[in-house]
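Take a look at the structure set out below.
Numbering starts at 1 and runs along the sequence shown.
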Amino acid sequence: MAYRTQRKKIAEALVNKFKEIDGNHPFNSNVFNNADSHLVFLDEIQQYPKVCVVAGDEIRQYQPGGFKWRFLTVTIRAYVEDANDPQEVLSLLLEDLERVIDDNDILVYDDTVSPHLQATSLTIGSISTDEGVISPLGIGEMNVTVRY
C-alpha cells in the first residue's frame, strides 16, 4: 500500500455522510446537503444549518513490520439559526452529527480500489459551543480523531 495522506478523501466522506441528515427519524435536524469539506465564514452562509468539515493535523504511529497508523484530527463546525433557542437547535444538530460519527466508525473513504480504503475508528475528542453569545445564531465545534 502506498503511504500517503487521505485527508481530503476522509473529509469528503464525512461530508457525504452528514448530507444524509434529513430531519427524518432518527435525526432531529435537516442539513439538506448543506455541508462542505472546507471552512465557511458566517457572512458566506446562505442557509442554516450549515456543517463544515476541515481536516487538520495528522500524526503517525509506527508499528513493527513497517506498518503505520495515521491519526487525522478533523474539526466539524456546525452553524444554526433560530430566533427562540439557537443553543437547543445546535444541541440537536450536534447530537445528529455524533450519531452519524458513531454509526460510521468504520468509514469507507475510498471505494475506487479493492479492498475499499477505510478508517478503523472515529473518536470524538471534544464538543464545544458558543454558549449563546451570538444569538440568534449558534456555532458548535466537534473535534474528531480518525484512525486509518
Side-chain angles (χ1 to χ4, degrees), residues 1-81 86-131 134 137-148:
M1 174 178 172
Y3 287 113
R4 64 182 184 274
T5 185
Q6 300 294 330
R7 299 161 46 93
K8 183 176 180 181
K9 287 182 180 181
I10 290 170
E12 289 173 352
L14 274 172
V15 164
N16 290 334
K17 292 297 181 183
F18 292 150
K19 286 180 178 179
E20 296 173 9
I21 299 173
D22 61 2
N24 294 316
H25 182 74
F27 300 116
N28 301 299
S29 309
N30 185 357
V31 173
F32 190 68
N33 288 327
N34 202 18
D36 288 305
S37 59
H38 60 275
L39 197 55
V40 175
F41 294 103
L42 269 176
D43 62 345
E44 298 173 322
I45 298 174
Q46 303 292 317
Q47 178 185 352
Y48 293 92
K50 178 74 171 177
V51 176
C52 298
V53 178
V54 181
D57 295 337
E58 188 171 359
I59 61 171
R60 306 281 193 265
Q61 186 180 76
Y62 296 91
Q63 302 291 320
F67 182 79
K68 296 180 213 175
W69 279 119
R70 289 155 180 72
F71 296 89
L72 174 64
T73 302
V74 174
T75 301
I76 301 162
R77 186 157 305 155
Y79 303 89
V80 300
E81 181 179 42
Q87 289 302 296
E88 178 62 20
V89 172
L90 181 59
S91 292
L92 292 171
L93 177 55
L94 290 171
E95 186 178 302
D96 289 341
L97 295 172
E98 184 172 359
R99 178 185 310 278
V100 170
I101 290 166
D102 289 346
D103 290 349
N104 290 281
D105 199 40
I106 308 291
L107 177 71
V108 174
Y109 59 85
D110 189 347
D111 61 3
T112 64
V113 296
S114 181
H116 298 327
L117 298 179
Q118 60 190 26
T120 59
S121 70
L122 304 177
T123 306
I124 296 173
S126 66
I127 299 174
S128 59
T129 72
D130 68 325
E131 299 301 327
I134 61 169
L137 300 178
I139 301 176
E141 192 169 275
M142 188 179 291
N143 289 309
V144 177
T145 300
V146 180
R147 182 175 77 166
Y148 70 100

Hey, what do you get for [atom1] ([X]) to [atom2] ([Y]), rounding to the nearest 0.5 Å?
{"X": "T129", "Y": "E141", "atom1": "OG1", "atom2": "CD", "value": "10.5 Å"}
{"X": "E95", "Y": "S29", "atom1": "CD", "atom2": "OG", "value": "8.5 Å"}
{"X": "D110", "Y": "H116", "atom1": "CG", "atom2": "NE2", "value": "9.0 Å"}
{"X": "L107", "Y": "R147", "atom1": "CG", "atom2": "CZ", "value": "14.0 Å"}
{"X": "R60", "Y": "L72", "atom1": "CZ", "atom2": "CG", "value": "9.5 Å"}
{"X": "N143", "Y": "T123", "atom1": "CG", "atom2": "OG1", "value": "12.5 Å"}

Do we see a donor-acceptor contact under 3.5 Å between the side chains of [X] and [Y]?
{"X": "N34", "Y": "K50", "value": "yes"}
{"X": "T73", "Y": "D57", "value": "no"}
{"X": "D130", "Y": "Q87", "value": "yes"}

### Task
Anything under 30° is parallel, anything over 60° is perpendicular, the rest tilted; go ahead and classify W69 against F71.
tilted
What I'd like to find out is whether the side chain of [X] reaches to under 4.5 Å of the side chain of [Y], using heavy atoms alone.
{"X": "L39", "Y": "R77", "answer": "yes"}
{"X": "L137", "Y": "I45", "answer": "no"}
{"X": "I127", "Y": "E98", "answer": "yes"}
{"X": "K68", "Y": "Q63", "answer": "no"}
{"X": "V40", "Y": "H38", "answer": "yes"}
{"X": "I21", "Y": "V51", "answer": "no"}
{"X": "L14", "Y": "V100", "answer": "no"}
{"X": "Y48", "Y": "V89", "answer": "no"}

#### Entry: Side-chain donor or acceptor of N30 paired with backbone N/O of F32 under 3.5 Å
yes
### Task
Say whether, by atom type as modelled, one donor and one acceptor occur between the side chain of D96 and the main chain of N28 under 3.5 angstrom.
yes
To check you understand the geometry: which heavy-atom pair defines the closest contact between [X] and [Y], and what is its length?
{"X": "Y79", "Y": "I139", "answer": "CD2-CG1, 3.7 Å"}
{"X": "A119", "Y": "V146", "answer": "CB-CG1, 3.6 Å"}
{"X": "E12", "Y": "S37", "answer": "CG-OG, 3.8 Å"}
{"X": "F27", "Y": "E20", "answer": "CE1-O, 3.7 Å"}
{"X": "N24", "Y": "D22", "answer": "N-OD1, 3.0 Å"}
{"X": "A78", "Y": "L97", "answer": "CB-CD1, 4.1 Å"}

### Query
Just wondering, are more than 12 heavy atoms of other shown residues or ligands nearer than 6.0 Å to NZ in K17?
no
### Query
What residue among T120, I10, L122 forms side chain to side chain contact (heavy atoms under 4.5 Å, CB included) with Y148?
I10
